[in-house]
Amino acid sequence: MSETRRKLTTIFCADVQDYTRLMGADEEGTLASLKRCREAMGRLIESHGGRVINTWGDGLIADFPSVVEAVRAAVDTQNELAGFNARRPADGRMLFRIGINLGDVIVEGDDIYGDGVNIAARLQTSAAAGGIVISSTVYDQVRNKVAVGFEFLGPLMVKNVDEGVPSYAVKIGDARDETPSAERPGSARPQPAPVMAAAKAETTPAPGGRRLYGVLGIVAAVLIGINLLSWQGVFWARFPVLALAVIAALAWNRDQILFNRKITLLAILALGLAGINLFTWTGQFWAVWPILGIAAVMGVRWSMRR
């Protein structure tokens with residue numbers, strides 16, 4: 001029986017802008033930089049539950065079971081590589097373009113094929129250097145779940161696909177959409193967004209997150225009010241309010257892209273333990289031992305990231 005089968009997956013394609021020029025200027029240095037960048041990208045893809053399927057030349061293709069994690073991996077990748085490139089001369093920077101598509105693909109062994117892959121590759125070539133372009137199928141799944149901005153680019157024409165594929169640029173850092181407007185029928189070329197607007201998009205909570213914070217704040221205020229109005233010498237509301245604060249912090253950590261989420265999770269747990277210890281104070285700071293253990297784990301994870 002044939003091993004060919006189909007599956008719905010999120011396809012992640014990346015390649016290097018001006019790779020030929022970089023190789024012509026410094027072959028050995030470019031290969032060393034490419035290896036370093038690929039290692040960082042592979043680590044981030046794996047940490048977000050993805051799988052690197054293949055690499056060729058300066059290109060890379062991966063797939064993810066989660067659309068949200070694929071976009072988060074792309075954003076984390078571009079942010080980490082931006083730090084790497086900041087220490088390099090302007091004409092020697094290795095800037096990746098990333099395209100992401102959610103589609104049905106053919107699976108043969110460890111490889112995937114089909115229009116879903118072709119669309120991701122076309123989106124990748126349309127991205128700005130250091131930028132990310134996603135299809136509308138990806139946008140529909142992540143628009144309220146990832147704390148970044150999006151800019152509609154219009155329909156993108158893809159070989160062997162009858163209709164244009166609506167696409168969006170993910171607004172991060174200084175990424176700029178440089179795709180000629182002729183490649184996007186029916187839409188004018190998007191204007192570059194200011195750096196400050198992109199930075200604001202990265203740090204502004206998604207609408208769902210803002211609603212959750214509002215609800216948690218109201219519940220906390222009501223509990224404190226009930227405690228004060230029925231005061232009998234005990235501030236019992238401190239424990240549920242602490243729990244609500246931890247829930248809010250966990251919700252923020254789920255969508256934030258400024259810090260490593262696993263390390264931030266450990267920090268939230270440490271603060272929660274410190275709060276419990278203080279609210280139940282009997283003269284002994286027992287939380288110092290679990291916090292010390294958490295700090296050790298955080299240190300190990302941080303050193304592994306470097």
Discussion item. Using a 3.5 Å distance criterion without hydrogens, assess whether the side chain of R97 forms a donor-acceptor pair with backbone atoms of A129.
Written reply: no

Worksheet item: Would you call the rings of F152 and Y168 parallel, tilted or perpendicular, where under 30° means parallel and over 60° means perpendicular?
Response: tilted

Worksheet item: Rounded to the nearest 0.5 Å, what separation is found between the OG atom of S47 and the CG atom of D76?
Response: 7.0 Å

Discussion item. Using side-chain heavy atoms (C-beta onward) and a distance below 4.5 Å, is I100 in contact with Y139?
Written reply: no

Discussion item. For L34 versus G57, what's the shortest heavy-atom pair and its separation?
Written reply: CD2-O, 3.6 Å

Discussion item. Is any side-chain heavy atom of N85 closer than 4.5 Å to one of F96?
Written reply: no

Discussion item. Closer than 3.5 angstrom, by distance alone: can the side chain of Q78 be matched with the main-chain N or O of G131 as a donor-acceptor pair?
Written reply: yes

Discussion item. With side chain to side chain donor-acceptor pair (under 3.5 Å) as the rule and sequence neighbours excluded, what pairs involving residues 22-38 come up?
Written reply: S33-R88

Worksheet item: Going from CD1 on I61 to CD on Q124, what distance comes out if it is rounded to the nearest 0.5 angstrom?
Response: 9.5 Å

Discussion item. Please report the interatomic distance CE(M41) to CD(E46), rounded to the nearest 0.5 Å.
Written reply: 14.5 Å

Worksheet item: Looking at CZ of R21 and CG of D91, how far apart are the two atoms once the value is rounded to the nearest 0.5 Å?
Response: 6.5 Å

Practice prompt. Is it possible for you to say whether I106 and I119 belong to one hydrophobic cluster, with membership spreading through side-chain heavy-atom contacts below 4.5 Å?
Written response: no

Item to complete: In plain terms, say whether D104 and K7 are close enough for a salt bridge, that is, a side-chain N and a carboxylate O under 4.0 Å apart.
Response: no

Worksheet item: Do L271 and Y213 belong to the same hydrophobic cluster, where Ile, Leu, Val, Met, Phe, Trp and Tyr are linked whenever their side-chain heavy atoms lie under 4.5 Å apart, directly or via other members?
Response: no

Discussion item. Please tell me whether F12 and L95 are part of a single hydrophobic cluster in this structure, the criterion being side-chain heavy atoms less than 4.5 Å apart.
Written reply: no

Practice prompt. State whether the side chain of D58 and the backbone N or O of V16 hold a donor-acceptor pair below 3.5 Å, judged by distance alone.
Written response: yes

Item to complete: Could you tell me whether the side chain of D63 and the main chain of T9 form a donor-acceptor pair under 3.5 Å?
Response: no

Item to complete: Kindly indicate whether the side chain of T10, heavy atoms from C-beta on, has any atom under 4.5 Å from the side chain of N101.
Response: no

Discussion item. Is the shortest side-chain heavy-atom distance between L273 and L269 below 4.5 Å?
Written reply: no

Discussion item. Can you confirm whether D15 sits close enough to W56 that some side-chain heavy atom of one is under 4.5 Å from a side-chain heavy atom of the other?
Written reply: no

Worksheet item: Which distance, rounded to the nearest 0.5 Å, do you find between the CD1 of I134 and the CD of Q141?
Response: 10.5 Å

Worksheet item: Linking I/L/V/M/F/W/Y whenever their side-chain heavy atoms sit closer than 4.5 Å, directly or via other members, would I226 and V234 fall into one cluster?
Response: yes

Worksheet item: Under a 4.5 Å cut-off applied to non-hydrogen side-chain atoms, are F285 and N277 in contact?
Response: yes

Discussion item. Return the OG to CG distance between S167 and L123, rounded to the nearest 0.5 Å.
Written reply: 6.0 Å

Discussion item. Under the criterion side chain to side chain contact (heavy atoms under 4.5 Å, CB included), I'd like the reasoning laid out for V133 against L153: C-alpha separation, chi angles, the key distance, then a yes or no.
Written reply: CA-CA 9 Å; V133 172; L153 304 180; 4.1 Å; yes

Practice prompt. Please name the pair of heavy atoms, one in A62 and one in I45, separated by the smallest distance, quoted to 0.1 Å.
Written response: CB-CD1, 3.9 Å

Fill in: Side chain D115, main chain G103, donor-acceptor under 3.5 Å
no

Fill in: Greater than 12 external heavy atoms within 6.0 Å of W289's CH2
no

Worksheet, complete the sentence: Note: I11 and A120 closest approach over all heavy atoms is CG2-CB, 3.7 Å

Item to complete: State plainly whether the residues R43 and E80 are in salt-bridge range, i.e. N to O under 4.0 Å.
Response: yes

Worksheet entry | Between S126 and R122: side-chain donor-acceptor atoms closer than 3.5 Å | yes

Practice prompt. Report whether Y113 and I53 are members of the same hydrophobic cluster (ILVMFWY, side-chain heavy atoms less than 4.5 Å apart, transitive linking).
Written response: no

Validation: residues 236-251 side-chain donor-acceptor distances under 3.5 Å, sequence neighbours left out:
residue	atom	partner	partner atom	Å
R238	NE	F279	O	3.2
R238	NH1	F235	O	2.5
R238	NH2	F279	O	3.3

Response to the item:
In terms of heavy-atom contacts, F64 and G49 come closest through CD2-C, 4.2 Å

